[in-house]
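Below you'll find the structure, written out as structure tokens, and then a few comments.
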Amino acid sequence: MSSTTNVEGLASYELKRYSRQLPLLGEEGQRKLRNTKVLVAGVGGLGSIEAIYLAAAGVGKIVLVDKDVVEPSNLNRQILHWTDDIGKAKPLSAAEKLKKLNPNVEVEAITAEITRENVEELLRGVDIVIDGLDNWETRFIIDEAAYRLGKPYVHAGIYGFQGQVTVIVPSETSCLRCLLPPKLRTPQQQIPALGSVVGIVGSIAATELIKLVTGIGEVAKGKMIVVDAYSMEVLKVELTPRKNCTC
Ligand SMILES: [Zn+2]
């Protein structure tokens, strides 16, 4: 592997490795990805898909945070975790695969719950956060802190055949909480999930992040991409922020 960089600043291995996306992102876009540090909040179904595509695309650093260990019931959708990983901490299991996929990406695995106490520290080390979570409480902890620190937050969520993605950019949109209905509660029962549907929604989130970082394409700011895989329809819904939010 050569570390020689050409005049535009991409190494020869990068020109080869990313040759199929360079026509889309440009060398400048590729350099922007390389210079970006992403926090993947939750390394379950959505987080697996987001992390794998961001690593494959050449994001410079990926920080994986999750408190859980791999369980048999995860394996239908959390594709960075395999049967042999049962019992292993999810960030470690995911980091092993990502490093094999793309050794040029720096991967940090943090086994922890995201809380009000540690969220700022987690966010300070990154440029942007992507949502691999399964509960609104943690999403709002991240939303509030990311907004305060001026870091973009790519939100994604699934429920059964449905999923949604929106991009929060503090200087341009309101926070996630005031774009959503006021009384969202995480369901008490387990959220039904099909791996291929999680894959669609996670792929949309990763694509939105790549577009936001590289400045290419139309990013879903102030809009919710709503996926209904049951009827296989994708809608983009204009969001109206609540007036009484403190953000
Ligand atoms: Zn707000």
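A quick note: this is a predicted structure, and the numbers were derived from the prediction, not measured. Note that these values count all heavy atoms, side chains included, but never hydrogens, waters or copies made by symmetry.
- Within 6.0 Å of NZ on K16 lie no more than 12 heavy atoms contributed by other residues, nucleotides or ligands.
- Taking both residues in full, the closest heavy atoms of S93 and L80 are given as OG-O, 3.6 Å, listed atom of the first, atom of the second, then distance.
- One finds the CG atom of N35 at 13.5 Å from the NZ atom of K61 (value rounded to the nearest 0.5 Å).
- I79 is listed as a side-chain neighbour of I49, based on a closest heavy-atom distance under 4.5 Å.
- The NZ atom of K67 sits 11.5 Å away from the OG1 atom of T111 when rounded to the nearest 0.5 Å.
- Scanning both residues, V59 and T36, for their nearest heavy atoms gives CG1-O, 3.4 Å.
- No side-chain donor-acceptor contact under 3.5 Å links R177 to the backbone of R139.
- Following chains of ILVMFWY side-chain contacts shorter than 4.5 Å, one cannot reach V169 starting from L123, and the two form parts of different hydrophobic clusters.
- Residue V40 is not grouped with residue I142 when hydrophobic side chains (ILVMFWY) are merged at heavy-atom distances under 4.5 angstrom, including chains of intermediate members.
- Here CD of E50 is found 9.0 Å from OG of S203. Values are rounded to the nearest 0.5 Å.
- In this model, no donor atom of one side chain and acceptor atom of the other lie less than 3.5 Å apart for T207 and K211.
- Here OG1 of T240 is found 8.0 Å from NZ of K243. Values are rounded to the nearest 0.5 Å.
- Between H155 and W136, the ring-plane angle classifies as tilted under the 30° and 60° cut-offs.
- Residues Q21 and L33 form a side-chain contact, since some pair of their non-hydrogen atoms from C-beta on lies under 4.5 Å apart.
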**OP:** Using the side-chain contact (heavy atoms from CB on, under 4.5 Å) rule, take I110 and N118 through it: C-alpha gap first, then chi angles, then the decisive distance, then the call.
**Re:** CA-CA 12 Å; I110 301 174; N118 67 9; over 6 Å; no
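- I130 and L25 end up in the same hydrophobic cluster when Ile, Leu, Val, Met, Phe, Trp and Tyr side chains are linked at under 4.5 Å.
- Between the OH atom in Y147 and the OG atom in S174 there is a gap of 6.0 Å [rounded to 0.5 Å].
- Of the possible polar contacts, none joining the N104 side chain to the G58 backbone as a donor-acceptor pair under 3.5 Å is found.
- Expressed to the nearest 0.5 Å, how far CD1 of I168 lies from CG of L179 amounts to 5.0 Å.
- Closest non-hydrogen pair, G44 versus D66, comes out as N-OD2, 3.9 Å.
- For the pair D85 (side chain) and K88 (backbone), a donor-acceptor distance under 3.5 Å is absent.
- A salt bridge is defined here as a Lys NZ or Arg NE, NH1 or NH2 lying under 4.0 Å from an Asp or Glu carboxylate O, and K32 with E28 meets this definition.
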Original post:
Can R17 and L10 be said to form a side-chain contact (heavy atoms from CB on, under 4.5 Å), step by step?
Top reply: CA-CA 11 Å; R17 181 166 193 121; L10 287 183; over 6 Å; no
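- The hydrophobic clustering, which links ILVMFWY residues whose side-chain heavy atoms are closer than 4.5 Å, places V226 and V198 apart.
- In plain terms, the two heavy atoms of I210 and A57 that are nearest each other are CD1-CB, 3.9 Å.
- Between the side chain of K221 and the main chain of T173, no donor-acceptor pair closer than 3.5 Å is present.
- No side-chain N or O of E71 forms a donor-acceptor pair with one of H81 less than 3.5 Å apart.
- In Y53, the OH atom is not crowded: 12 or fewer heavy atoms of neighbouring residues, nucleotides or ligands sit closer than 6.0 Å.
- Side-chain contact between L22 and Q30 is present, with heavy atoms from C-beta onward closer than 4.5 Å.
- Under 4.0 Å is where a charged nitrogen must lie from a carboxylate oxygen, and between K37 and E106 no such pair does.
- When the side chains of ILVMFWY residues are joined at heavy-atom separations under 4.5 Å, either directly or via intervening members, L133 and L122 end up in a single hydrophobic cluster.
- In this structure, I158 and A193 approach most closely via the heavy-atom pair CD1-CB, 3.6 Å.
- R77 places no side-chain N or O within donor-acceptor distance of the main-chain N or O of L46, the cut-off being under 3.5 Å.
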Subject >> Check against salt bridge (charged side-chain N to carboxylate O under 4.0 Å, His left out), R31 and E14 >> reply: CA-CA 10 Å; R31 279 200 308 279; E14 291 176 296; over 6 Å; no
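- Within the 4.5 Å cutoff, no side-chain heavy atoms of K151 are placed close to those of L39.
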**OP:** Let me see the working for V201 and I225 under side-chain contact (heavy atoms from CB on, under 4.5 Å), right down to the final yes or no.
**Re:** CA-CA 9 Å; V201 178; I225 300 166; over 6 Å; no
Original post:
What do the steps show when you test V165 against V227 for side-chain contact (heavy atoms from CB on, under 4.5 Å), and what is the final call?
Top reply: CA-CA 9 Å; V165 174; V227 177; over 6 Å; no
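- Shortest non-hydrogen contact noted between I52 and L98 is CA-CD2, 3.7 Å.
- Enclosure of atom CD in Q188 is not indicated, since only 12 or fewer non-hydrogen atoms of other residues, nucleotides or ligands lie within 6.0 angstrom.
- Side chain of D143 to backbone of C175: no donor-acceptor contact under 3.5 angstrom is found.
- Within the 4.5 Å cutoff, the side chain of V107 has no heavy atoms near those of the N102 side chain.
- Checked against side-chain contact (heavy atoms from CB on, under 4.5 Å), P192 has the following partners two or more places apart in sequence or in another chain: Y159.
- Salt-bridge annotation for R116 and E144: present, with a side-chain N of the basic residue lying under 4.0 Å from a carboxylate O of the acidic one.
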